[in-house]
2 protein chains.
Amino acid sequence: MKSVNLKRLAQELNLSVATVSRALNDRYDISQATKDRVRELAAKLNYEPNPYASSLRRQRSGTIGVVVPEIANHFFSLAINGIEEVARLNHYHVLIYLTHEDYQRELDIVRLLAGGRVDGVLLSAASTSYTDTHLEMLRERGIPLVFFDRVHQAPDNAQITTDDYESGYKATRHLLDVGCRSVAHLTIAPTLSISRRRMQGYIDALLDGGLRYDPSLVLHAQGRREQDVEMIQDLLHQRPGVDGIFAAVESLAVGTYEACRVLNRRIPHDVRVIGFSNLEIAALLDPPLTTITQPAYAIGKEAAKVLFKAVLKNVPVSSGHSLELKSELFIRESTFPAPKLVKSA
Amino acid sequence: MKSVNLKRLAQELNLSVATVSRALNDRYDISQATKDRVRELAAKLNYEPNPYASSLRRQRSGTIGVVVPEIANHFFSLAINGIEEVARLNHYHVLIYLTHEDYQRELDIVRLLAGGRVDGVLLSAASTSYTDTHLEMLRERGIPLVFFDRVHQAPDNAQITTDDYESGYKATRHLLDVGCRSVAHLTIAPTLSISRRRMQGYIDALLDGGLRYDPSLVLHAQGRREQDVEMIQDLLHQRPGVDGIFAAVESLAVGTYEACRVLNRRIPHDVRVIGFSNLEIAALLDPPLTTITQPAYAIGKEAAKVLFKAVLKNVPVSSGHSLELKSELFIRESTFPAPKLVKSA
DNA sequence: TTTATTTACGTAAACGTTTGCAGTGAATAA
DNA sequence: TTATTCACTGCAAACGTTTACGTAAATAAA
């Protein structure tokens, strides 16, 4: 019940607490003989240093904080996987916080973290409105911050993202290539830079393809599953000419499938669908979904690497450390050109 | 850069550190006037108490540890979601650790946690071999532990599980009901109690259904995606008579779909498939997958609740606090009886 | 020999809180 | 008047580490 500490070890070995501490930390000014003695007893008694005492003394927590909108989401759980990997290699611990897309909650969390609980923060922004006061708090306290995926347009922050503009362009372009003439775009909060960049890619691809950009074909979802599906249904119903849909996030691609099922629209015969997604089973959907897939695991890993560079060297991160990874297009049946399908159907 | 602490506040207010601390903690023996003064300045200076000093002094970390085999998995991410919810309500922080199904890693993690970093632990066991030495470490240190889903047969531990036996029975029974005569079972490590219980349900349902239990129809997967799919292919190939498959974990249900695709076996025409799964999009698969779905979110929530009861009241958890939640059967096309399908195909 | 250097360890302060105890001045009771 | 209570506040120790500094003994240099 009573945990063994340095004092206990010191008494039992007839040494001072300082010597024991130094022996365990493998300091140069302790003889090999005592180091061995100390370590042996420590192992025998299952000694584990008290992390809070240690963190208090060296002003360093050995912990990073990860703040994400949600966790039941393939992208984020894969990213966290990558983050955890890097943290473990650096003997660091990982605190997880969920904002549930709520800016206020994000603010509260960051305030807490700025209190010194962590040595660094990885953050993927909530979709609701934004000021960057809380980021200032971290900066004031000298706590490095690296954004990943959902970044915030702060003056000089490191951020790990994907080529959202190019991806948006590529996705839209692909729809045009397979014959779509009226492409809708489903996205989330326009305050998010990823949304804006994906959408800009969408717009530019339309224009380059000789189509005009029709804002009424852009649907901003709320993130509430059922309501979003209804909105998609409404869109498909009111604009029967829509023959292609580009979903900027996975949940909206899935929502499109559901809406199409309800409305009896055939994919890809009536409408072709492409979506950002990290679903491993996209290929097993009915029909297999064409996806733009982000390297989620790599994003988490790289973001953590950049953060640790700053944390361990005790230097601030800057936009110079930013990275943009490439996402990949997987073409599947949901965007097959119509003619082929008509035959086999 | 320099963080504001109690001393700073005390100086600025001409009070002692003790008074400031008590004022912020809303102690009864501080006048309302000083409380107001203190709080005002604290808010103005953005004071956040140093969590490590605080944790060191009161022997309490305000943190729980969550240990799971993996996170890129619907069940676990949903469970973590539930856990985080409860933790947040209790103003607790959540440390995440991944074992990647590696027992040695689980051991190392528990050893760390037993060092006092957390006030309690939620654990879902890795699938590899098992002794319960590390659980003893937690018990010795008086750190409550609650298992969820993947429990370990420790003498007197609290555990939150689902009705695995009944679920296994129900799933198998369902396959028999729709006409299967040769049902294979895909599962993971037999050391895990969930595996054993699900399998026992499978066996009993077979016997009750007048079939015999054939161990060669049980496949123990390794958790390596590609190899698992190959094993499933081999099974289907060598035992062409198999007309039903019960997958004890989601990945194996998905693997079955892939194997069937490679071998050109039609689901459900040639073989019917049911699997444990928390995929929200099971209904969108080709064909829609019949699932046994665990209340993952609720499991996380309940496990956390039980843990906090122990943590906050400072009492040990015991098996008396264990809970068994019910999983649900969602019947979809992958287990439709053959005749119907022959027509529409 | 004396003096400088190295080796190995101890002393004590510090990190920022919390809290038992004591103390103060004022108000009330005896 | 004195004693007692009450409402506040301060002093100082404690939590378990880490580390700057000091020091004694042993060795090297003079």
Side-chain angles (χ1 to χ4, degrees), chain A residues 1-39 41-42 45-63 91 112 114-119 141-142, chain B residues 1-39 41-42 45-63 91 112 114-119 141-142:
Chain A
M1 202 67 185
K2 199 70 200 71
S3 71
V4 23
N5 54 17
L6 287 184
K7 205 201 293 188
R8 166 91 182 278
L9 291 181
Q11 281 172 345
E12 222 140 312
L13 291 166
N14 262 332
L15 288 172
S16 75
V17 171
T19 303
V20 176
S21 170
R22 277 189 277 247
L24 290 172
N25 289 329
D26 205 17
R27 280 292 212 282
Y28 66 97
D29 57 354
I30 299 294
S31 74
Q32 192 55 47
T34 31
K35 279 184 187 171
D36 291 345
R37 281 180 63 215
V38 170
R39 284 187 193 142
L41 185 66
L45 296 187
N46 249 322
Y47 169 76
E48 276 290 328
N50 182 309
Y52 296 101
S54 177
S55 294
L56 176 60
R57 176 55 227 236
R58 3 165 117 155
Q59 298 277 57
R60 160 166 302 226
S61 67
T63 306
H91 302 288
L112 266 183
R117 189 173 292 269
V118 297
D119 297 340
R141 298 296 214 280
Chain B
M1 202 69 183
K2 200 68 201 71
S3 71
V4 24
N5 53 18
L6 286 184
K7 205 201 293 187
R8 165 90 182 279
L9 291 180
Q11 281 172 346
E12 224 141 308
L13 291 166
N14 263 333
L15 287 172
S16 74
V17 170
T19 303
V20 175
S21 170
R22 277 189 275 248
L24 290 172
N25 289 330
D26 205 18
R27 281 291 212 284
Y28 67 97
D29 54 358
I30 299 294
S31 74
Q32 192 55 48
T34 30
K35 278 184 187 171
D36 291 343
R37 280 180 63 216
V38 170
R39 285 187 192 142
L41 185 66
L45 296 187
N46 249 322
Y47 169 76
E48 275 291 326
N50 182 309
Y52 296 101
S54 177
S55 295
L56 177 60
R57 178 54 229 240
R58 5 163 113 154
Q59 297 277 61
R60 158 165 304 226
S61 67
T63 306
H91 302 288
L112 266 183
R117 190 174 291 270
V118 297
D119 297 341
R141 298 295 213 281

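The sequence lines fix the lettering, A, B, ..., with proteins before strands; numbering per chain opens at 1.
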Legend entry - Spacing of A/Thr34 atom OG1 and A/Asn14 atom CG [to the nearest 0.5 Å]: 13.0 Å
Inset, instruction - Please tell me which of the listed nucleotides, C/dG10, C/dC15, C/dT19, lies nearest to the side chain of A/Ala18? - result: C/dG10
Legend entry - Contact check, side chains of A/Thr19 and A/Leu13, non-hydrogen atoms, under 4.5 Å: no
Inset, instruction - Report yes if at least one side-chain N or O of B/Gln59 is closer than 4.0 Å to OP1 or OP2 of D/dG16; otherwise report no. - result: yes
Legend entry - Residue A/Ile30, side-chain heavy atoms: nucleotide from C/dC9, D/dC11, D/dT17 that is nearest: C/dC9
Legend entry - B/Gln32 or A/Arg58, whichever maps to the more 5' nucleotide of DNA chain D: B/Gln32
Inset, instruction - Answer yes or no: is there a side-chain heavy-atom contact under 4.5 Å between A/Asp119 and A/Gln59? - result: no
Legend entry - Minimum-distance nucleotide (side-chain atoms of A/Ser54 versus C/dA8, D/dT17, C/dG16): D/dT17
Inset, instruction - Select one nucleotide: of C/dA8, C/dG16, D/dT9, the one nearest the side-chain heavy atoms of B/Thr19. - result: D/dT9
Legend entry - Rounded distance in Å - CG (A/Leu13) to P (C/dG10): 10 Å
Inset, instruction - Choose from C/dC9, D/dT9, C/dT18 the nucleotide whose nearest atom is closest to any side-chain atom of B/Ser31. - result: D/dT9
Legend entry - Rounded distance (Å) that lies between atom C1' of C/dC15 and atom CZ of A/Arg117: 16 Å
Inset, instruction - Describe the nucleic acid contact of B/Arg60 in one word from base, sugar-phosphate, nothing, applying a heavy-atom distance below 4.0 Å. - result: nothing
Inset, instruction - Grab the CG-C1' distance between A/Leu56 and C/dT17 for me, whole Å please. - result: 8 Å
Inset, instruction - In whole angstrom, give the distance that lies between atom CZ of A/Arg27 and atom C1' of C/dT7. - result: 16 Å
Inset, instruction - State whether A/Ser55 places a side-chain N or O below 4.0 Å from either non-bridging phosphate oxygen (OP1 or OP2) of D/dT17. - result: no
Inset, instruction - Check for a donor-acceptor pair, side chain of B/Ser61 on one end and backbone N or O of B/Arg117 on the other, with a separation under 3.5 Å. - result: yes
Inset, instruction - Scan B/Asp29 against the nucleic acid and name what it touches under 4.0 Å (heavy atoms): base, sugar-phosphate only, or nothing. - result: base
Inset, instruction - Round to the nearest Å and state the distance from B/Tyr52 atom OH to D/dT18 atom P. - result: 15 Å
Inset, instruction - Compare side-chain N and O positions of A/Tyr47 against OP1 and OP2 of D/dT17 and report whether any pair is under 4.0 Å apart. - result: yes
Inset, instruction - Assess whether one donor atom and one acceptor atom, taken from the side chain of B/Arg22 and the base of C/dG20, lie less than 3.5 Å apart. - result: yes
Inset, instruction - Decide yes or no for A/Arg22 and A/Leu15: does some side-chain heavy atom of the first lie under 4.5 Å from some side-chain heavy atom of the second? - result: no
Inset, instruction - Let me know the distance between CG of A/Asn50 and P of C/dT17, rounded to the nearest Å. - result: 17 Å
Inset, instruction - Among the candidates C/dT17, D/dC11, D/dC21, find the nucleotide nearest to the side-chain atoms of B/Val17. - result: C/dT17
Legend entry - Whether B/Ser21 side chain and B/Val17 backbone form a donor-acceptor pair below 3.5 Å: no
Legend entry - Proximal nucleotide (of D/dT17, D/dC15, C/dG20) relative to the A/Leu6 side chain: D/dT17
Legend entry - Any A/Asn25 side-chain nitrogen or oxygen under 4.0 Å from OP1 or OP2 of D/dT18: yes
Inset, instruction - Just call it for B/Tyr28: base, sugar-phosphate, or nothing, with non-hydrogen atoms closer than 4.0 Å on any strand. - result: nothing
Inset, instruction - Spell out yes or no: do the side chain of A/Arg57 and the base of D/dT18 have one donor N/O and one acceptor N/O closer than 3.5 Å? - result: yes
Legend entry - Nearest to side-chain heavy atoms of A/Ser16, which nucleotide of C/dA14, C/dT11, D/dG10: C/dT11
Inset, instruction - Could you check how far NZ of B/Lys7 sits from C1' of D/dA12, rounded to whole Å? - result: 14 Å
Inset, instruction - For A/Glu48 and D/dT17, give me the distance from atom CD to atom C1', rounded to whole Å. - result: 14 Å
